[in-house]
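What's counted below: heavy atoms across the whole structure, side chains too, no hydrogens, waters or symmetry copies. Here the structure is a predicted model, which is why all the values come from computation and not from measurement. Index from 1, following the sequence.
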Amino acid sequence: MPDRTSLPHGSDAVPARSWWGWGDPGQALPDAECAELAALVPGAAGTALPVPSIASLELPPVRVSAPRTLAHLVSGAPAVRAGHTYGKAFRDVVRALRGDLAAAPDLVAFPREERDVVDLLDWASGADVAVIPYGAGSSVVGGVEYRAGCHSGVLSMDLSGMGRVLEIDRVSRSARIQAGALGPGLEAQLRPHGLTLRHFPQSFAFSTLGGWLATRAGGHYATLHTHIDDLTAALRVVTPAGVSESLRLPGSGAGPSPDRLFLGSEGTLGIITEAWMRLQDRPVHKASASVVFDRFPAAVDAVRAIAQSGLHPANCRLLDPGEAALSGVAGGGGSVLVLGVESAHHPVDGRLAELVALARDHGGSPTAGAPAGGESAAEAWRSAFLRMPYIRDGLARMSVISETFETACTWDRFPELYEAVHRDVGAAVRAATGAEPIVNCRFTHVYPDGPAPYFTVVAPGRRGSEVAMWDAVKAAAMRTLGEHRATVTHHHAVGRDHRPGYDRQRPEPFALALRAAKRALDPAGILNPGVLFDPAG
């Protein structure tokens, strides 16, 4: 008999989340720290925007009511509606700080089982109510904000009440998991079995399995199995036209993959309720190192050699000089490569030594261990990485424009792309703000055929014009990526903010197929309208 365990009870714990900004409200920067940060950006505002109280918010009136049979699943409370209005992009944070919640949903639903999802979609389809699937609201691309303006009402469907690991097949190392499982709760349920999904995006504590699947999320690990696609064995999806459930298999050549239709569909074709996910044994052997380069091009060559070596480091983060200094990893104008390896079965010191040797062959200088009482470069980078979203919110309160965008391109195209972003996006920032921007870059993931660069742009903004300035920078970034044949997104999804770039990147015959699938699966056009495409063209 297979070692398969049914798990009727799981963790329903949902952490407290900021209604206006990132993550844990207790981690938000106080006013004094916001001002200290802004002092590093010449021209920034001198005082922090206050955070409005829920009681002070003016929400649009509720236009619809759920039928009596569904009333126990929905809420129209102001705090609930406010917290489900936006995602966590810069423009979302600024509008929330301004008290602009014109896009607030009329109601928020909290289904507890799949039958609830079916019943809610049946009602919404008949009542012309748009449904915005909502995992934990960490979208930074406008993926959970209603902008269509043509429905009789809007329902945000929060799946966080469906967070259980339902079944574990230990022999095949896989588990059937509800889509509302938040990262920490999911891992807590797998840990007693010695297993892990090994998918740790920056939003890990504030995002769900369903959100990862719907957006084709990338995890923390830099090589090999990093995209959620690679870890997906089968999906169960509720659509207005019926329930789609694929067969769990290690591989199949039977026609186009049904899972591929829904992976990355961002809730516009159906709502993912369950998935069979491929698991791994929890790692026990770990090692890390950092290498400093005087020249960034040499560091890029070193990372390419590592990506093509077949050594598959778990961590392979390259920080350009500006990013290394901003993260507190290194100063003095050097670039820093952070390497990490891990295994559940074998010691990894030899593999780390090979990786460091490759870096040294390209001019890198391995650094010593952590200074007495201090952090290693890898530890310092990880601390900065987890703190970055809160810093972004603090800068937003000081009207500092902060935009991050990520992409992927082939190795031969990267040098030109890197220069173009500094030149063209930098010029757009100067035109919008009148100030000289900070433009930094790091590699989040690397492949044998190319890197996934992640750019950060920071500049002082004019109070009251932050959203317009951010929009101008975003538009310039999308144009630059398209001109250099880089993807509009590597792991942040498309949403509504990346739509212009995605419309240019996506082949038109594929757009026709997506629209046809939308008409077939969601004939009333209620599911997350405006994400990925417009049904009519």
Side-chain angles (χ1 to χ4, degrees), residues 40 222-223 288-309 311 313 315-340 355-368 376-378 380-382 384-385 388 402-430 436-459 476-477 480-481 483-487 490-491:
L40 303 176
T223 67
S288 63
S290 58
V291 184
V292 176
F293 293 83
D294 292 333
R295 298 177 53 253
F296 184 61
V300 172
D301 289 342
V303 173
R304 177 171 57 83
I306 288 170
Q308 295 173 349
S309 69
L311 292 171
N315 196 3
C316 187
R317 295 290 191 279
L318 176 61
L319 317 181
D320 77 358
E323 187 73 7
L326 185 67
S327 300
V329 173
S335 300
V336 177
L337 172 61
V338 179
L339 293 167
L355 291 165
V356 171
L358 276 173
R360 187 184 289 112
D361 289 344
H362 287 80
S365 301
T367 62
S376 67
W381 178 82
R382 184 178 183 279
F385 175 74
M388 282 175 191
S402 178
E403 162 60 349
T404 58
F405 60 97
E406 37 72 48
T407 183
C409 64
T410 52
W411 287 111
D412 62 309
R413 294 184 182 276
F414 173 71
E416 186 176 329
L417 174 67
Y418 183 78
E419 294 301 323
V421 167
H422 281 76
R423 180 185 65 246
D424 299 340
V425 178
V429 176
R430 285 188 286 273
E436 192 66 27
I438 297 169
V439 182
N440 295 334
C441 178
R442 69 178 186 268
F443 289 172
T444 62
H445 305 77
V446 293
Y447 304 90
D449 48 348
Y454 188 112
F455 293 94
T456 298
V457 180
V458 179
T480 301
L481 295 179
E483 289 167 358
H484 292 271
R485 299 183 66 80
T487 182
H490 173 265
H491 58 269

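- With R317 contributing its side chain and T444 its backbone, the two residues share a donor-acceptor pair below 3.5 Å.
- Within the 4.5 Å cutoff, the side chain of V425 has heavy atoms near those of the V457 side chain.
- Between S309 and L358, the closest side-chain pair of non-hydrogen atoms falls below 4.5 Å.
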Could you pull out every donor-acceptor pair under 3.5 Å between side chains of residues 412-420 and any protein atom, sequence neighbours left out?
{"from": "D412", "atom 1": "OD1", "to": "T410", "atom 2": "OG1", "distance (Å)": "2.6"}
{"from": "E416", "atom 1": "OE2", "to": "H484", "atom 2": "ND1", "distance (Å)": "3.4"}
{"from": "Y418", "atom 1": "OH", "to": "D320", "atom 2": "OD2", "distance (Å)": "2.8"}

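- The local environment of CZ in R430 is crowded, with over 12 non-hydrogen atoms from other residues, nucleotides or ligands closer than 6.0 Å.
- Between V300 and L318 there is a side-chain heavy-atom pair separated by less than 4.5 Å.
- Taking OG1 of T404 as the start and CE of M388 as the end, the distance is 10.0 Å to the nearest 0.5 Å.
- Applying the side-chain hydrogen bond (donor to acceptor under 3.5 Å, both in side chains) rule to T480 yields no partners; only residues at least two apart in sequence or on another chain are considered.
- Rounding to the nearest 0.5 angstrom, the gap separating the OG atom in S288 from the CG atom in N315 is 8.0 Å.
- With rounding to the nearest 0.5 angstrom, the CZ atom of F455 is 12.0 Å from the CD atom of E403.
- Looking at L326 and I438, their side chains never come closer than 4.5 Å, going by heavy atoms from C-beta outward.
- Of the possible polar contacts, one joining the T223 side chain to the P313 backbone as a donor-acceptor pair under 3.5 Å is found.
- Nearest heavy-atom pair, A359 versus A302, reported as atom, atom and distance to 0.1 Å: CA-CB, 4.2 Å.
- By the 4.5 Å heavy-atom criterion applied to side chains, E323 and C441 are not counted as neighbours.
- Between R360 and P366, the closest side-chain pair of non-hydrogen atoms falls below 4.5 Å.
- The closest donor-acceptor contact from the side chain of S402 to the backbone of V458 lies at 3.5 Å or more, if one exists at all.
- Atom NE2 of H490 sits about 10.5 Å away from atom SG of C409, to the nearest 0.5 Å.
- Contact of the T367 side chain with the V336 side chain is not registered, since no non-hydrogen atoms from C-beta on lie closer than 4.5 Å.
- With values rounded to the nearest 0.5 angstrom, H362 atom NE2 is found 8.5 Å from F293 atom CZ.
- In this structure, the separation between SG on C316 and CG on L339 is 5.5 Å, given to the nearest 0.5 Å.
- Ring geometry for F443 against W411 counts as perpendicular: the plane angle is over 60°, on a 0 to 90° scale with 30° as the lower cut.
- Pairs engaging residues 290-306 under the salt bridge (charged side-chain N to carboxylate O under 4.0 Å, His left out) rule: D301-R304 [sequence neighbours left out].
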